[in-house]
Each structure stands twice: as structure tokens, then as C-alpha cells.
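Worth saying up front: this structure is predicted, and the values here are computed from it rather than measured.
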Amino acid sequence: MVKRKRIVVTGMGVLTALGNTVDEFREGLFAAKASIRPSENFLKYFDHALASEVLQPVDYEGIAEELLPELDRTVLWGYKVGRDALVQAGLLNDPLLQQTSLVVGVSSAGAEAIMPLIENRPEEFSVRKMEVSGNFSSICPVVTSLLGLQGGFELVATACTASTNAIGIGFDLIQNDKNPVAVIVGSDPVYLPTFAGFHALKAMREESCCPFSGTPGLSIGEGAGAIVLEEYEHAKARGATIYGEIISYATSSDAHHETAPDPRAEGATLVMRAALANAGVGPEAIQYINAHGTGTEANDRAETLAMKKVFPNIAEIPVSSSKSYFGHNIGSAGIIELIACLVTLPEGKVLPTLNFSVPRTGCDLNYVPNEFQQHDVTLFMKNNYAFGGNNCSIVSSVKPEQVPQTEYRPRRVAITGMGALSSLGYGQEQISQRIRDGELGSALVAVSDWLDGDENSQEYEKLLAANPRLSEMLAGLGEGDIRALQFRAHEVRNIEPRKHLKNFDSRKASKIATYGLLALEQALQSGGKKVRHGDTDTALIMGMSKGPQSTVAKYAQSLYPDPRRARTFEFPSALMNSIATFCAISKGMKGYNTTLSTGYNASFGALFYGYELVRQGLQPQALVGGADENAYSSALMSQAGSTRVSWTAEADSFQVYGAKPSGFVLGEGAAVAMLEDVDSALARGAEILAEVVGYGRSCDAVYPGEPALARGNAMTAAIRQALDDAGLRFDQVDLICGTSWGVAESADKELGAVREVFGNASAEIPLVNYNGYFGFVESAAALLNLSLVLEAMKTGEIMPIAFTREFCTDDIAFVREPIQREVRHALLIGASDGGNNYAVVLRKGALHA
């Protein structure tokens with residue numbers, strides 16, 4: 001058995017309308033100072049618009065003045081609170097930051113750069129700001145580069161539970177000995193799409209919110225928070241001040257509805273019980289609950305019901321909502337509310353729920369109405385819930401060592417199922433056969449197919465405003481010339497979801513969510529596993545790069561010219577977590593549920609997180625995957641896309657590791673792997689496709705736009721970490737699989753790391769990369785490659801790299817023709833576009849099982 005490490009908080013940073021520092025925040029709370037006022041940003045659109053907005057000047061110490069215009073508020077605020085937390089922890093500029101990871105929780109990141117186009121103000125659009133801050137995960141490379149964090153990053157995108165879940169992932173990162181320290185950030189300014197969405201759902205209150213009492217409705221807020229998590233013994237050894245301990249956490253899914261909480265509160269009940277079980281304590285140990293407490297009728301009633309179910313003594317436990325001070329901060333809500341607890345509870349005072357009047361029907365607890373209550377709180381719980389039914393609970397204390405350490409039996413983790421959907425078909429077997437038959441998955445796509453009608457013509461103008469390079473490329477072409485253009489892409493065609501999916505509701509299914517569900521269904525089938533409705537044993541972790549792009553575009557179009565007419569159907573479906581929650585609702589899965597949106601190769605992060613959940617025995621099995629849909633206007637709007645995408649009609653234009661790299665061909669599809677405890681898999685007679693025996697993660701910490709290798713090749717650290725984890729020498733690896741995307745920079749990083757780790761052996765160990773067969777399916781590329789690596793481990797047949805005939809170097813053993821060789825150990829590597837590096841070592845299924 002292994003004792004779980006104690007994880008303590010050694011630094012905090014916060015930015016809200018109450019102030020720019022932890023001291024100002026604490027002072028505002030103790031003064032019962034509410035910051036919800038008539039909105040300066042949204043009153044021009046909406047009558048009675050209220051919000052808690054950060055309107056005061058903010059000093060971004062440490063950022064060069066000339067960089068400020070290219071950074072959006074999500075990034076700036078995330079940097080500011082992260083830096084403040086490191087300063088308080090005494091770790092700013094410390095060499096330890098080379099082993100410190102960053103985990104970020106956000107909901108609507110990347111929106112600010114594109115807002116001038118959504119609001120038809122193209123003259124205010126900044127190409128540079130779009131390049132630096134326009135991606136959903138932009139906050140990660142900017143903050144890691146400015147703060148020098150090199151331990152790897154992840155971005156959690158589960159809407160209102162994002163930063164709460166990010167704390168949990170940071171907790172897990174430290175458990176596995178890879179990082180002694182993690183910086184957790186939640187940052188969420190309120191932009192028009194979010195405000196308009198809640199307004200359209202009629203969830204807003206015309207006066208400041210009053211959770212659990214009076215007239216229902218929420219108040220929007222914005223802000224950021226950060227904490228430094230550190231292994232307890234490590235913190236003690238360096239004499240750090242300790243502000244609290246994170247005892248445990250859990251997540252769950254309602255598997256009920258896209259926006260409404262389950263009125264039976266089953267998901268909320270499950271997550272609290274799981275967090276208590278993980279902490280090794282019973283409900284009687286909790287002395288205070290900081291509720292999600294949005295103020296809406298459905299949430300407040302369901303949350304109260306859940307607390308009654310979990311805590312027999314709930315009448316004795318004070319419960320309050322801090323949203324009555326600074327509104328609902330969406331993606332950053334959880335971490336700001338946790339900090340509110342950590343700065344007030346040590347004084348023996350429990351935060352009141354402000355504006356409390358007459359309790360609503362079903363709301364009959366001690367909500368600490370309006371005045372602080374005196375309580376000596378040893379353990380408390382922090383709860384948050386989100387659209388789609390994402391739930392997260394944390395058990396915490398303001399002092400360390402309040403409860404005994406829990407322990408777990410480390411599990412060996414097997415891959416027992418694999419689902420894949422691509423332009424080459426549905427299922428690993430069909431895809432492999434079509435590759436052997438030499439079939440091409442790509443097809444010609446006509447510009448006229450997506451550039452049609454007045455509405456899209458307006459979109460075309462926006463494309464040109466967003467992408468001057470594209471405008472330059474199309475200069476001199478008339479409309480007819482442009483419509484006649486064709487380019488090569490990989491699309492999923494000729495598949496009828498209803499033939500493969502029971503109870504498939506096409507009315508609620510976006511294209512990308514359907515892809516994800518198809519891959520998930522096949523992973524279960526190939527693993528010989530059925531999931532019953534209401535299953536709590538199976539986690540679902542999805543990695544997203546760009547997410548539901550077509551839904552986002554439809555929703556954005558509904559905001560102009562009148563944002564009061566925002567489409568309520570697209571609002572929740574445009575969120576990054578909508579794919580995972582759609583799958584959970586479709587299958588009735590209520591286990592751990594998370595969405596990571598860390599850019600290219602995001603499914604690597606999903607694989608690692610699912611691995612930790614199974615390894616630590618938190619979930620018996622985990623489904624991990626990624627999905628993408630082609631949305632050509634979005635790709636063309638991207639400056640990065642214009643330099644990375646191969647806009648040609650040639651079928652073989654995507655040549656990974658080619659001597660003349662020309663970028664990637666767009667691809668769509670999905671891949672999902674089923675992870676399972678080896679012993680459980682053997683007990684039920686399942687086939688073990690491979691065992692995950694080690695993984696590593698590192699970060700380039702390079703500012704956007706700088707060469708990826710500007711500070712050395714950090715991918716070597718990830719590979720060495722994975723090999724050490726697996727207990728393998730480099731000469732025991734039989735196959736290397738890269739996932740680079742057809743530009744020189746990504747190829748140089750992978751091949752340079754291979755040379756550095758494997759030395760002369762890099763000329764002998766076969767190296768493949770199968771992206772050429774699928775197009776670059778940004779989120780799922782890692783797992784689509786994994787599906788063919790598993791095939792090679794099973795059959796000994798290693799398929800060649802597609803299309804590339806003239807390679808960029810001759811000192812690497814690129815696989816140019818099919819070869820037969822036993823693959824006992826395989827190394828899979830890759831990186832995100834923001835410089836997050838991944839490596840995972842697989843062992844052939846039959847070995848040592």
C-alpha cells in the first residue's frame with residue numbers, strides 16, 4: 001500500500017472586484033462588502049444588467065509594457081494571480097519551477113481577441129492579439145513562459161467546475177512523484193457570449209443574487225484566483241508558510257441534462273460521498289460547507305437536497321454561498337471561493353450568505369444568513385456544479401494533519417478497448433485494412449460548399465480581417481475564382497450513427513459529439529464491456545483542441561446585432577465540456593467526468609489523467625479520448641492555420657518528417673481508449689491490448705511566437721521521465737511513434753529529443769507517425785496513432801509512414817515500408833501547439849500479465 005501524500009497550500013493570489021490582492025480580498029469579505037453593481041460592460045445591451053466586474057486598475061508587474069496589448073484579460077489575470085501566489089510561497093524565480101506544473105481552469109478563454117469580429121467592429125481586430133491570446137489554451141504557454149514553469153501544463157474546461165477540478169488534477173500530479181509543486185489558476189473575465197447566454201436562459205436576477213432565499217436568479221461575476229500546491233514534507237523542509245491542506249477531491253456527472261441539475265441530486269450526492277471516501281472521513285467530520293449556491297431555484301433546491309442526503313447531521317453544519325459577495329465567477333468560481341474559505345476560517349468565522357431574506361421552498365438549512373457565525377472549523381467541503389452535469393467536491397482544512405493519511409494499492413493499468421473513427425472508417429480493424437489496401441481517406445473539398453449565401457459572405461469578410469496572410473494569398477482572385485478553389489481534407493463520411501448507437505438523440509447531437517460517442521461505444525465493445533445506465537465505476541475524460549467549432553460559430557452569429565436574441569440551444573452546446581457531457585448523458589455514466597482543452601494532442605492529457613484515476617484506485621476503469629470536427633472557416637481564421645495547414649488539392653501533400661514540409665491536411669474524427677486495472681481485466685477474461693507502464697510530461701516555457709526549441713528541447717525530459725517511470729533502458733524500446741503535424745518545428749522537436757535520449761540507437765529503432773493517414777485530427781491524433789501502435793504490438797506488423805518519400809534526415813529509422821517485428825515496448829511522444837510535451841511507454845499485453 002502507498003500512503004497518499006499530504007498536499008498543502010503554500011501560496012495564494014486573487015483578483016476580483018473586491019480588490020487586487022489577498023489582503024484586499026480578505027478585508028472585503030470581513031467587511032461583508034458586496035461588489036455586484038449595475039454593469040459597465042453590459043448595461044448597454046441588457047436592461048437591469050448587474051455584474052461583479054473588475055474595473056479597477058491592475059498592475060501586471062513582470063510583464064514588459066509592449067506585451068500588454070497582445071494579451072487578453074484571461075491571460076493577464078492568470079499571470080497576475082499565479083505570480084502573486086508564487087511570491088507568497090517564496091518560489092518566484094526559484095529553480096524548483098523547472099519541476100513545477102501549471103493546471104488552469106477556464107470557461108470562455110480566448111474570446112476577447114475575436115470579440116471585435118463577433119460585434120462587427122473589424123477595425124478593432126488585432127492579428128497579433130489573436131496569435132498570442134486567441135486560442136482556448138493560450139493562457140498556458142503565456143503563463144508558463146513568463147513564470148518559468150517547466151513541469152508541464154493542463155487546461156481544464158468544465159465550465160463552472162473548471163478551477164475546482166484543476167485543483168484536483170494538481171493534487172493528482174503531485175501524488176505520482178513527478179512534480180513536488182503545482183500552480184493552479186482559475187481565470188475568467190465575463191465576455192458578451194457568456195452574459196448573453198445566461199440572460200437568454202432567464203437565469204439572471206435583476207437585483208443582487210440572494211442564494212437560497214427570496215427571488216431566484218444569479219449574478220455574474222469575474223475574476224481570477226491561484227494557489228500553490230506543494231507536497232507537505234517538501235514545504236516543511238523549506239520552511240514554507242502553510243495556509244491549508246487539500247485532503248481529497250472527486251468529480252462526477254449528473255448524466256441528466258445539458259443545463260438543468262438533476263432534481264433528484266444524484267450526481268451532487270455521488271460527488272460529495274466520493275470526496276469523503278477519498279478523504280477517509282465520514283460526513284460527521286465536515287464542519288462547514290461552502291456551497292455552489294448560484295441563487296437559481298433549480299440549483300439551490302437540488303444542492304440542498306443533496307446535502308441532506310449525504311449529511312445526516314446537516315442541521316448542525318453551517319452552509320453558505322460566497323457568490324453573494326462577488327457573483328458567479330464561472331470557470332474561476334471554485335478556486336476564488338476556496339481562497340475565501342482559507343482566509344476567513346482561520347479566524348474562527350464562517351462567511352455569511354448576504355442578501356438572505358425568506359428561505360425558498362426546499363431550502364431549510366443554516367445558510368449563515370447575513371452575519372458571520374463563530375465556528376472552529378477543522379474540515380470543510382467546497383462544492384461546485386456546472387452545465388452538462390459536471391460536479392466537483394473538495395475536502396480541505398485550514399491546518400495540515402487534521403486527518404490521517406489515506407493509502408491506496410497502486411494498480412497496473414491496461415488498455416483493454418479501443419475505438420477509432422476517421423476518414424478511413426469506423427473501427428481499428430476497418431481502418432487498418434484500408435491502410436493495407438492503399439485507400440485514401442482524404443477527399444477534395446470545394447470552397448463553394450462552405451462559402452455560400454449572404455451570411456457566410458459576411459463571414460468571409462471576417463476571415464480576411466482575421467487573417468491578412470489569407471487575404472494576401474487570395475489577392476487578385478474574384479469571387480468565382482475563389483468558389484472554384486478546392487483543397488484536400490479528411491472528413492468522416494458514410495456513417496449512420498443510428499446503426500451503431502442505441503437511444504441516439506440526433507436533435508441534441510452536434511457533429512463532434514456524435515464522433516466522440518461513436519468512438520466511445522466502440523471502445524466499450526472492443527473491450528467487451530457494457531456500461532449500465534447509472535454507472536459510477538467508469539470515468540470519462542475527453543481531450544479537446546478546438547471543440548465544437550460549428551456550434552460556437554452558430555452561437556456567435558446569434559449575438560449580432562442583438563445579443564438579447566442569443567440562441568439558448570447553442571449556448572451550452574458551445575462549451576468545451578459539451579462533448580463529454582453529451583456522451584455521459586447518452587450512456588448514463590455518472591463516474592468522474594472531465595474535459596481537458598490543452599490544444600493539439602489533448603488526448604495525451606486525457607490518457608494520463610485517466611491512468612492516474614485507475615492507478616490510484618479512484619475509478620475501476622476510465623474511457624479517455626479526443627474528438628474533432630472540420631470547420632473550415634475557423635481554420636482559415638487562424639493565423640497559425642494559414643502557416644501550418646497545407647491548402648493544396650494533392651492527396652499526398654501531408655508528409656510528416658518530410659524534407660520539404662508543407663504543413664498538415666485537416667482531419668476530423670475521434671478516438672477513445674478504455675483503461676482498466678490489469679487484475680480486474682484478467683479476472684473478467686478481457687484481452688489486454690497493452691499495459692501503460694510509464695509516462696512523462698514537460699513544458700517548453702516558450703512565449704507564443706518564439707521558436708519551440710528556444711530554450712532547449714524539453715521533450716527529452718518527458719521521455720526520460722516516462723522511461724524512468726517504466727523502469728526501462730532506452731535500448732529496450734522496440735518502436736517509437738511520433739505525432740508531429742507536418743511542419744519543420746514540430747518534427748525537429750520530436751527527432752531532436754529522440755536523438756538526445758536514444759543516441760546512436762535512434763538510427764536503429766523504427767520510428768513511425770500515422771497522422772498522414774488521418775489528416776491532423778488535433779485532439780485525437782495521439783490516440784489514433786495509439787490504435788495503430790496497438791495493432792503493431794498485437795500482430796508484429798508495423799505499418800509505414802504515409803506519403804513521405806524524401807525524409808528530412810537520414811539518421812532516424814523512419815519506417816518506409818511495412819515491416820514485421822515483435823514490439824514488446826513502444827514509446828509514444830507528442831506535443832501541444834503551446835509547448836506541452838508528452839511521452840508514454842506501453843508494454844505488450846501478454847508480457848508479465
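In this structure, Phe25 has its ring center no closer than 6.0 Å to that of Phe30. For Phe356 and Phe212, the distance between ring centers is not under 6.0 angstrom.
In terms of heavy atoms, Pro346 sits closest to Cys341 at CD-O, 3.9 Å. Across all their heavy atoms, Ile247 and Ser397 have their closest contact at CD1-OG, 4.0 Å. When all heavy atoms of Val281 and Ala285 are compared, the closest pair comes out as CB-CB, 3.8 Å. Of all non-hydrogen atoms in Ala386 and Cys160, the two that sit nearest each other are CB-N, 3.5 Å. Scanning both residues, Ser107 and Leu575, for their nearest heavy atoms gives OG-CD2, 4.3 Å. Listed here is the closest heavy atom pair of Ala265 and Ala302: CB-O, 3.3 Å.
Atoms CG and CE, from Leu365 and Met307 in turn, are 5.5 Å apart once rounded to the nearest 0.5 Å. The line from CG of Asn366 to OG of Ser320 is 9.0 Å long, rounded to the nearest 0.5 Å. One distance of note links CD of Gln287 with CG of Asp376; it measures 8.5 Å at 0.5 Å rounding. In this structure, OG1 on Thr215 lies 9.5 Å from CD on Glu206, to the nearest 0.5 angstrom. Separating the CG atom in Leu173 from the CG atom in Leu102 is a distance of 10.5 Å, to the nearest 0.5 Å. Rounding to the nearest 0.5 Å gives a distance of 10.0 Å between CD1 of Ile286 and CD1 of Ile314.
With hydrogens and angles disregarded, a donor-acceptor distance shorter than 3.5 Å links the side chain of Ser252 to the backbone of Gly267. Here the side chain of Gln175 pairs a donor or acceptor atom with the backbone of Lys5 at under 3.5 angstrom. Between the side chain of Thr161 and the backbone N or O of Thr164 there is no donor-acceptor pair closer than 3.5 Å. Formation of a donor-acceptor pair under 3.5 Å by the Glu24 side chain with backbone atoms of Asn20 is found in this model. With Ser213 contributing its side chain and Pro359 its backbone, the two residues share no donor-acceptor pair below 3.5 Å. Between the side chain of Ser578 and the backbone N or O of Ser573, at least one donor-acceptor pair lies under 3.5 Å. At least one donor-acceptor pair under 3.5 Å links the side chain of Asn278 to the backbone N or O of Tyr249. A donor-acceptor pair is defined here as one N or O able to donate and one able to accept, closer than 3.5 Å; such a pair exists between the side chain of Thr598 and the backbone of Leu155. The closest donor-acceptor contact from the side chain of Glu222 to the backbone of Ala51 lies at 3.5 Å or more, if one exists at all. No side-chain donor-acceptor contact under 3.5 Å links Glu347 to the backbone of Lys349.
Under a cutoff of 6.0 Å and an axis angle of 45°, Lys236 and Tyr232 form a cation-pi pair.
Annotation: side chain of Val310 is in contact with side chain of Leu276 (closest heavy-atom distance under 4.5 Å). Side-chain contact between Tyr325 and Lys33 is absent, with no heavy atoms from C-beta onward closer than 4.5 Å. Met12 places a side-chain heavy atom less than 4.5 Å from the side chain of Leu342. Using a 4.5 Å heavy-atom cutoff, the side chains of Val9 and Ile246 are in contact. Counting heavy atoms from C-beta outward, Lys590 and Asp262 have side chains that approach closer than 4.5 Å. Contact of the Tyr243 side chain with the Lys399 side chain is not registered, since no non-hydrogen atoms from C-beta on lie closer than 4.5 Å. Within the 4.5 Å cutoff, no side-chain heavy atoms of Tyr60 are placed close to those of Arg83. Put simply, the side chain of Val185 does not reach to within 4.5 Å of the side chain of Ser163, judged on heavy atoms.
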**Report entry** Test side chain to side chain contact (heavy atoms under 4.5 Å, CB included) applied to Leu379 and Gln402, step by step
**Finding:** CA-CA 8 Å; Leu379 290 187; Gln402 298 301 301; 4.2 Å; yes
Requested in this report: Go through Glu53 and Asn41 one step at a time and tell me if the side chain to side chain contact (heavy atoms under 4.5 Å, CB included) criterion holds.
Outcome: CA-CA 8 Å; Glu53 294 166 302; Asn41 293 317; 2.9 Å; yes
Query raised in the report: Can Leu218 and Met204 be said to form a side chain to side chain contact (heavy atoms under 4.5 Å, CB included), step by step?
Result: CA-CA 5 Å; Leu218 61 80; Met204 302 283 210; 3.8 Å; yes
Report task. For Ile242 and Glu230, run side chain to side chain contact (heavy atoms under 4.5 Å, CB included): C-alpha distance rounded to whole Å, both residues' side-chain angles, the deciding distance at 0.1 Å, then the answer. Result -> CA-CA 9 Å; Ile242 293 171; Glu230 188 168 356; over 6 Å; no
Query raised in the report: How far apart are the C-alpha atoms of Asn290 and Ser322, what are their side-chain angles, what is the distance that settles it, and do they pass the side-chain hydrogen bond (donor to acceptor under 3.5 Å, both in side chains) test?
Result: CA-CA 7 Å; Asn290 187 275; Ser322 355; 3.0 Å; yes
Report task. Show your reasoning for whether side-chain hydrogen bond (donor to acceptor under 3.5 Å, both in side chains) applies to Asp254 and Asn391. Result -> CA-CA 7 Å; Asp254 275 0; Asn391 310 305; 3.0 Å; yes
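Enclosure of atom CD in Glu207 is not indicated, since only 12 or fewer non-hydrogen atoms of other residues, nucleotides or ligands lie within 6.0 angstrom. Within 6.0 Å of CD on Glu40 lie no more than 12 heavy atoms contributed by other residues, nucleotides or ligands. The number of heavy atoms from other shown groups lying within 6.0 Å of CG (Asn313) is above 12. Within a 6.0 Å radius of CD in Gln405, other residues, nucleotides and ligands contribute more than 12 heavy atoms.
Of the N and O atoms on the side chains of Ser332 and Asn329, not one donor lies less than 3.5 Å from an acceptor on the other residue. Side-chain atoms of Ser108 and Asp188 form a donor-acceptor pair, as typed in the model, at a separation below 3.5 Å. At a cut-off of 3.5 Å, with distance as the only test, no side-chain donor of Asn355 or Ser324 sits close to an acceptor on the other residue. Looking at Asn593 and Asn390, their side chains do bring a donor and an acceptor atom within 3.5 Å of each other. Side-chain polar atoms of Thr594 and Asn165 form a donor-acceptor pair below 3.5 angstrom. Using a 3.5 Å distance cut-off with no hydrogens or angles, the side chains of Thr304 and Tyr367 do pair a donor with an acceptor. No hydrogens or angles considered: a donor-acceptor pair under 3.5 Å links the side chains of Glu612 and Asn176.
Salt bridge status for Glu231 with Arg6: absent, with no side-chain N to carboxylate O gap under 4.0 Å. Look at Lys80 and Asp59 and you find no salt bridge, because none of the NZ, NE, NH1 or NH2 atoms lies under 4.0 Å from a carboxylate O. Remark: Glu337 engages Lys323 in a salt bridge, criterion side-chain N to carboxylate O under 4.0 Å. A salt bridge is absent between Arg4 and Glu407; no separation between the charged side-chain nitrogens and carboxylate oxygens falls under 4.0 Å.
In this structure, Phe387 and Phe571 have perpendicular ring planes: the angle between them is above 60°, well past the 30° mark. A perpendicular orientation is assigned to the rings of Tyr385 and His292, their planes being inclined by more than 60° (bins at 30° and 60°).
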